[in-house]
J.: 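After the structure tokens below, expect a handful of questions from me.
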Protein chains: 2
Amino acid sequence: MAALPEAKSPPTDAPKGRGRRGTRASGDDRERAILETAERLLEERPLAEISVDDLAKGAGISRPTFYFYFPSKDAVVLTIIDRLVADAAEGREQILTALAEHGPRAGLRASLENLYSAFRSRPGVVRAGSDLRPTNGEARDLWSAVMEGWVADVTAVIEFERSRGTAPDGPPAREMAIALVQMNERAQYATLLGEEPSLDRDHVLDVLIEIWLRAIYGEVVSD
Amino acid sequence: MAALPEAKSPPTDAPKGRGRRGTRASGDDRERAILETAERLLEERPLAEISVDDLAKGAGISRPTFYFYFPSKDAVVLTIIDRLVADAAEGREQILTALAEHGPRAGLRASLENLYSAFRSRPGVVRAGSDLRPTNGEARDLWSAVMEGWVADVTAVIEFERSRGTAPDGPPAREMAIALVQMNERAQYATLLGEEPSLDRDHVLDVLIEIWLRAIYGEVVSD
DNA sequence: GAACTGTATCAACACTGTGTCGAGAAGTTC
DNA sequence: GAACTTCTCGACACAGTGTTGATACAGTTC
């Protein structure tokens with residue numbers, strides 16, 4: 001039970017509703033214990049096979065006490081996903097900048113590589129997020145927003161390349177962007193979770209990027 | 001309770017394990033009533049909000065009696081999905097033939113249009129199938145097999161076009177096929193269920209086909 | 001027409017999991 | 001040391017799943 005040495009706690013992050021219901025205090029450890037238990041268990045088995053009791057036990061508290069810290073199992077997972085998404089967004093290289101700096105192929109690769117690295121390390125969490133969407137509106141909204149962000153970026157890239165004359169005309173940029181981003185989502189997810197059929201871990205990006213380039217530039221990009 | 005007039009019952013289709021457990025008899029009506037109730041309710045609300053009791057009530061029987069006909073709620077949905085998938089496969093035009101007959105763009109369009117028409121009419125069932133995958137291995141396997149079939153077809157197309165010299169080289173045909181089929185799955189699903197962001201009902205195919213053509217032929221196909 | 005057999009039905013039960021309530025323990029403040 | 005806030009949990013109410021055992025109700029079969 002000895003508290004793990006904490007580098008330093010975030011200065012004054014507003015709890016934002018999802019977490020504990022009361023005010024700030026020291027039962028912070030418990031909250032963290034619950035989150036850590038959830039992350040650990042999610043890498044072991046799917047969300048549906050984890051009960052509130054498992055989370056409580058794992059954090060060394062009783063089930064009712066769990067409800068003091070989180071309103072539901074979903075809320076725990078959403079908190080974890082919030083953070084994962086924030087992590088993924090954090091180091092995000094602007095695609096447009098990356099393209100300008102390294103050229104289309106290398107630029108795209110750098111952006112996507114960087115983007116997906118956050119997800120690759122926690123497949124269980126990714127799966128949980130995906131499992132949550134059917135039943136949980138908040139999860140749906142969160143993911144919608146994430147997708148929307150990517151789509152906006154990619155739309156900008158396509159429009160930019162078209163305006164420069166480096167990419168040919170075609171379907172509206174936003175529509176192309178939606179399809180391409182959806183392809184990436186699906187393919188990366190399948191690969192991450194080892195679905196069948198899915199692309200090989202080491203080839204996913206190669207294949208996806210090739211399709212992006214051909215779709216956007218309307219030709220086989222040599223570079 | 002009067003039996004609906006049945007055109008004629010299928011001659012001697014083996015029950016194949018999923019349906020009723022006993023032997024053949026006349027409680028066929030009840031089995032059908034359960035399936036119909038499920039289909040109806042699924043277009044009203046998601047699977048998670050439908051209980052075994054709802055299905056039983058809808059079919060005019062008690063909950064235990066439901067279990068005489070199906071081993072679980074999942075089994076009912078799987079039966080429905082089996083049929084939907086069979087429907088979709090049935091009228092399926094061979095892509096290769098369609099391409100040869102109508103050229104790349106029109107051929108692809110004909111194949112995909114035809115394929116997705118079966119799904120478009122029962123979005124609730126599609127959603128249920130998707131909702132089932134996280135928790136139900138059988139659902140996963142079924143969908144895997146479906147995807148595998150499509151991937152095989154598309155792989156053949158790409159290899160054929162490459163061998164004729166009409167399509168340039170690139171990533172292995174199968175890998176391209178996987179990514180493209182996954183894109184379609186995701187995009188069509190999002191559109192069907194009105195996710196945000198998603199492609200407009202009337203544009204999905206245009207956009208997807210354009211990407212397929214550019215990806216496969218490595219150039220903007222004029223035709 | 002009595003005994004037999006398989007189909008069909010359901011009340012009652014056992015179980016798992018969620019979320020709530022109310023009584024208190026434990027710490028803090030004045 | 002009284003009052004307040006934070007934290008904890010036993011006991012409950014509830015919703016849903018799946019099972020058991022008794023029973024009704026055909027048809028046969030003799």
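Below, each value reflects all heavy atoms present in this structure, side chains not excepted, and no hydrogens, waters or symmetry copies. Throughout, protein chains are lettered first and strands after them, A, B, ... in sequence-line order, and every chain is numbered starting at 1.
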J.: Rounding to a whole Å, what distance do you find between Asp74(B):CG and dT17(D):C1'?
T.: 12 Å
J.: Just wondering, do Leu199(A) and Asp206(A) contact through their side chains at under 4.5 Å, heavy atoms?
T.: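 No, too far: nothing below the 4.5 Å cut-off.
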J.: Whole angstroms only, please: what is the CG-C1' distance between Leu47(B) and dG16(D)?
T.: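 These atoms are roughly 14 Å apart.
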J.: Among dC9(D), dC7(D), dC10(C), which nucleotide sits nearest the side chain of Phe68(A)?
T.: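 Out of dC9(D), dC7(D), dC10(C), the nucleotide with an atom closest to Phe68(A)'s side chain is dC7(D).
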J.: Given side chains that start at C-beta, do those of Glu210(B) and Arg214(B) come closer than 4.5 Å, heavy atoms only?
T.: yes
J.: Could you state the atom-to-atom distance from CZ of Phe66(B) to P of dT17(D) in whole Å?
T.: 9 Å
J.: Which of the following nucleotides, dC10(C), dT8(D), dG10(D), is nearest to the side chain of Pro64(A)?
T.: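 Of dC10(C), dT8(D), dG10(D), dG10(D) is nearest to the side chain of Pro64(A).
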J.: Indicate yes or no for a side-chain donor-acceptor contact from Asp153(A) to the backbone of Trp150(A) under 3.5 Å, with no hydrogens or angles considered.
T.: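 Answer holds: no.
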J.: What is the distance from CD1 of Ile34(B) to C1' of dA8(C), rounded to the nearest Å?
T.: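 Computing the Ile34(B):CD1 to dA8(C):C1' distance gives 12 Å.
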J.: Ignoring backbone atoms, establish whether Tyr69(A) has a side-chain N or O less than 4.0 Å from OP1 or OP2 of dT8(D).
T.: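 For dT8(D), OP1 or OP2 has a side-chain N or O of Tyr69(A) closer than 4.0 Å.
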J.: Mind checking whether Arg120(B) and Gln188(B) have side chains closer than 4.5 Å, heavy atoms only?
T.: no
J.: Does Thr65(A) place a side-chain N or O at less than 4.0 Å from the phosphate oxygens OP1/OP2 of dT8(D)?
T.: no
J.: In whole angstrom, give the distance that lies between atom CD of Glu31(B) and atom C1' of dA8(C).
T.: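 Those two atoms, CD and C1', are 13 Å apart.
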J.: NZ of Lys57(A) versus C1' of dC9(D): gap in Å, rounded?
T.: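 Going from Lys57(A) (NZ) to dC9(D) (C1'), I get 13 Å.
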J.: Just checking Ser51(A): base, sugar-phosphate only, or nothing, at a heavy-atom cut-off of under 4.0 Å?
T.: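 If one applies the 4.0 Å heavy-atom cut-off, Ser51(A) turns out to touch the sugar-phosphate alone, with no base involved.
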J.: For Leu55(A) and dT18(C), give me the distance from atom CG to atom C1', rounded to whole Å.
T.: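 The distance from CG of Leu55(A) to C1' of dT18(C) comes to 13 Å, rounded to the nearest Å.
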J.: Asp54(A) CG to dT16(C) P: how many Å, rounded?
T.: 13 Å
J.: Do side-chain atoms of Thr37(A) reach the backbone of Ala33(A) as a donor and acceptor pair under 3.5 angstrom?
T.: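 Pair found, side chain donor or acceptor close to backbone of Ala33(A).
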J.: Does a distance-only test, which skips hydrogens and angles, find a donor-acceptor pair under 3.5 Å between the side chain of Arg63(B) and the base of dG18(D)?
T.: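 Looking at the base of dG18(D), it does pair with a donor or acceptor on the side chain of Arg63(B) (distance under 3.5 Å).
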